[in-house]
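Quick notes on the structure that follows.
The figures here come from the full heavy-atom set of this structure, side chains too, leaving out hydrogens, waters and symmetry mates. Naming: A, B, ... by sequence-line order, numbering from 1 per chain.
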Amino acid sequence: MSGSSSIKIEKLISSLHGWFGEITWWPGYADEVMIGAILTQQTRWENVERALEHLKKRDLCSLDAIIRADIEDIEDAIRCTGFYRVKAKRLKALATHVVKSYGGVDNMVGLPTGQLRSGLLNISGIGDETADSILCYGLFRTSFVIDAYTERMVRCMGITEKRMDLKNLFEEILPNDNHCYRQTHAHIVEYAKEFCGRKRCKDCILVSSNG
DNA sequence: GACCAGGTCCTTG
DNA sequence: CAAGGACATGGT
């Protein structure tokens, strides 16, 4: 069964690339991406952007600043993303981990992706998706992000693998190139936002379950 | 007013 | 292990 899933995913990747071409998605410096990765948990990206602006206005959009800031100030800045109390704690935990373990983002560049991923997953409030987002979009690693949209989309195509198996499938298929990883995930989200509702896909031009 | 949003953690069965 | 609730604001 995993063989047919591979074929479907291969087709999906190339179809989406043809459909969208190159797109820019989640630009920004590493600290900003890491912060955004937590803020976007179960939250629309537009609200995350507003929160990032609030943080920047108050000079709080860096891990160093997050460590020093009062928790209440962080909460105020990110309120518009919802779950603001838990997210403020998660930001503190992330910033503390990066500084305590590595002395800063710059010192993470030489370390293997697997080691960084384990470190991130040990932080309370960072799960698989947030860790992979940080690795892929913040640290330019080849760690594929599986989110709710990706899952919806592949279910639509009759693919039944679980999240981590899906991640492995994508990583077996994609070339070992960060650019391809970020493009593919971005394509999936942009397509699924438009066509894959929570209940059912509207008009799955690219993802018929018959291949 | 109902329902959903680029998750994660904790508690139950 | 799977399922359900909590966390919370903002948009449709």
Next on the checklist: Using the side-chain heavy atoms of A/Ser124, tell me which of these nucleotides is nearest: B/dC9, B/dG6, B/dG7.
Outcome noted: B/dC9
Checklist entry - Tell me: CH2 of A/Trp45 to P of B/dG7, nearest whole Å? => result 12 Å
Item to check | Comparing A/Val145 and A/Gly125 on DNA chain B - which has the more 5′ nearest nucleotide | outcome: A/Val145
Checklist entry - Expressed in angstrom and rounded to an integer, what is the separation of A/Lys87 atom NZ from B/dG7 atom C1'? => result 8 Å
Checklist entry - When the C1' atoms of B/dG6 and C/dA2 are considered, how many whole Å apart are they? => result 24 Å
Item to check | Between P of C/dC1 and NZ of A/Lys162, the distance in whole Å | outcome: 9 Å
Next on the checklist: Whole angstroms only, please: what is the CD-P distance between A/Glu129 and B/dC9?
Outcome noted: 12 Å
Checklist entry - So, A/Asn176 versus A/Thr142: side-chain donor-acceptor pair below 3.5 Å or not? => result yes
Checklist outcome for this item: When both distances are under 3.5 Å in a Watson-Crick or G-U wobble arrangement, the nucleotide paired with B/dG1 is none
Item to check | Out of B/dA5, C/dT9, B/dG7, whichever nucleotide has its closest atom nearest the side chain of A/Arg79 | outcome: C/dT9
Checklist entry - Distance only, no hydrogens: is a donor on one side chain within 3.5 Å (strictly under) of an acceptor on the other, for A/Ser143 and A/Asp132? => result yes
Checklist entry - When the P atoms of C/dA8 and B/dC10 are considered, how many whole Å apart are they? => result 14 Å
Next on the checklist: More than 12 heavy atoms of other residues, nucleotides or ligands under 6.0 Å from CG of A/Asp177: yes or no?
Outcome noted: yes
Item to check | Between A/Glu22 and A/His179: side-chain donor-acceptor atoms closer than 3.5 Å | outcome: yes
Next on the checklist: What is the distance, to the nearest angstrom, from the CZ atom on A/Arg90 to the P atom on B/dG7?
Outcome noted: 12 Å
Next on the checklist: Can you measure A/Leu94 atom CG to B/dT8 atom P for me and round it to whole angstrom units?
Outcome noted: 13 Å
Checklist entry - Tell me: CD of A/Glu151 to P of B/dG7, nearest whole Å? => result 10 Å
Item to check | is_close_aromatic(A/His185, A/Trp25), centroid dist under 6.0 Å | outcome: yes
Checklist entry - Between C/dA8 atom P and A/Ile78 atom CD1, what is the distance in whole Å? => result 9 Å
Checklist entry - Is there a side-chain polar atom (N or O) of A/Tyr84 under 4.0 Å from OP1 or OP2 of C/dA8? => result no
Item to check | A/Glu46 vs A/Arg85, nearer the 5' end of DNA chain C by closest nucleotide | outcome: A/Arg85
Next on the checklist: Pick the closest DNA chain C nucleotide for A/Gln42 and for A/Arg50 by heavy atoms, then say which residue is nearer the 5' end.
Outcome noted: A/Gln42
Checklist entry - According to the 5.5 Å centroid and 30° plane-angle thresholds, does A/Trp25 stack upon the nucleobase of B/dG6? => result yes
Checklist entry - OP1 or OP2 of B/dT8 less than 4.0 angstrom from a side-chain nitrogen or oxygen of A/Thr130, does that happen here? => result yes
